[in-house]
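This report refers to the structure that appears directly beneath it.
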Amino acid sequence: MEKKIRVLIAKPGLDGHDRGALIISQALRDYGMEVIYTGLRQTPEQIVASAIQEDVDAIGLSCLSGAHNELFPEVIKGLKAQGADDIIVVGGGVIPWEDIPFLEEQGIKKIFTPGTLSIDTAKFIEQAVYQRDGIEVKSEMELVEKIDHIGIAVQSLDDSLPFYLDTLQLKLQGIEEVESENVKVAFIEAGNVKLELLEPTSKESSIQGFIDKRGPGIHHVALGVKDIEGRIAELKKKGIQMIHDAPKPGAGGASIAFMHPKSANGVLYELCEKESKERL
Ligand code: ZN
């Protein structure tokens, strides 16, 4: 049975606006969590005391005053001093990107920015708590396992391969033709990531269209995933437009699906799930 997660939403410091804190409180409740809101202007000591008294699993700190670099670590220190550092602490509010690595180093599990969807915050807290409690975590946590390969459009494999194999001295893993896509594909090993050279085999190939429009060069980045159907569903739920709503066969015996670049900062991303028995 799934346990009900208890979260304390707290506003340390002096700022007087709690619209964001109230919104996230409601979103976590809608997600099925029990939420306690401390109200404005709490000291780190008060927050630690409330968290222990309410026996919460997690604390969400919200700070708009700019004092997050002092206040957030004080909460962590306070929890440690009380032997309550198994409580997961996340933060949000107006926090510059530059401060995020510092805060996460201090023990804040994750910093959410104003652009973060409430559903992502809720899921993160849920999975962090499950992980802490040794409850099996759904693979949603690992939307992306790794960068699998980088796709590069070339007009001719014969002309391009010497650069990779001779000049860069990389290893050719294999060449295959993917007839459905009108491409011939060469996989080259480059450390943990592969390069996928794509040569169009007909005028109808989308790779030929790409080269005609932009010239040869980087075409896509492939994200290695597990359970590609689940990942597609997850991304669509988050509002990402997919070029392929269902996986299709790609090179190397993989199942693949592309995200629309409009949804991905102008980059064409491929989701790529390798079968357990790789053909290459
Ligand atoms: Zn690819």
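This is a predicted model, so every value here is computed, not measured. For ligands, and for the atoms within them, numbers begin at 1 and follow the listed sequence.
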Atom name of the N, O or S atom of Glu196 nearest to the Zn ion (ligand 1) is OE1

Any chance the side chains of Glu196 and His219 put a donor and an acceptor closer than 3.5 Å? no

Taking 2.8 Å as the cut-off, does Cys272 contribute an N, O or S atom near the Zn ion (ligand 1), distance below it? no

Salt bridge check: are Glu145 and Arg231 linked by an N-O gap of less than 4.0 Å? no

What angle, to the nearest 10°, do the atoms NE2 (His149) and OE1 (Glu270) form about the Zn ion (ligand 1)? 110°

Give a yes or no on whether a salt bridge exists between Lys236 and Asp245, defined as a side-chain N under 4.0 angstrom from a carboxylate O. yes

May I have the list of side-chain donor-acceptor pairs in residues 108-121 shorter than 3.5 Å, sequence neighbours left out?
unit_1, atom_1, unit_2, atom_2, d
Thr116, OG1, Thr113, N, 3.0
Thr116, OG1, Thr113, O, 3.0
Asp120, OD1, Lys238, NZ, 3.3
Thr121, OG1, Leu117, O, 3.4

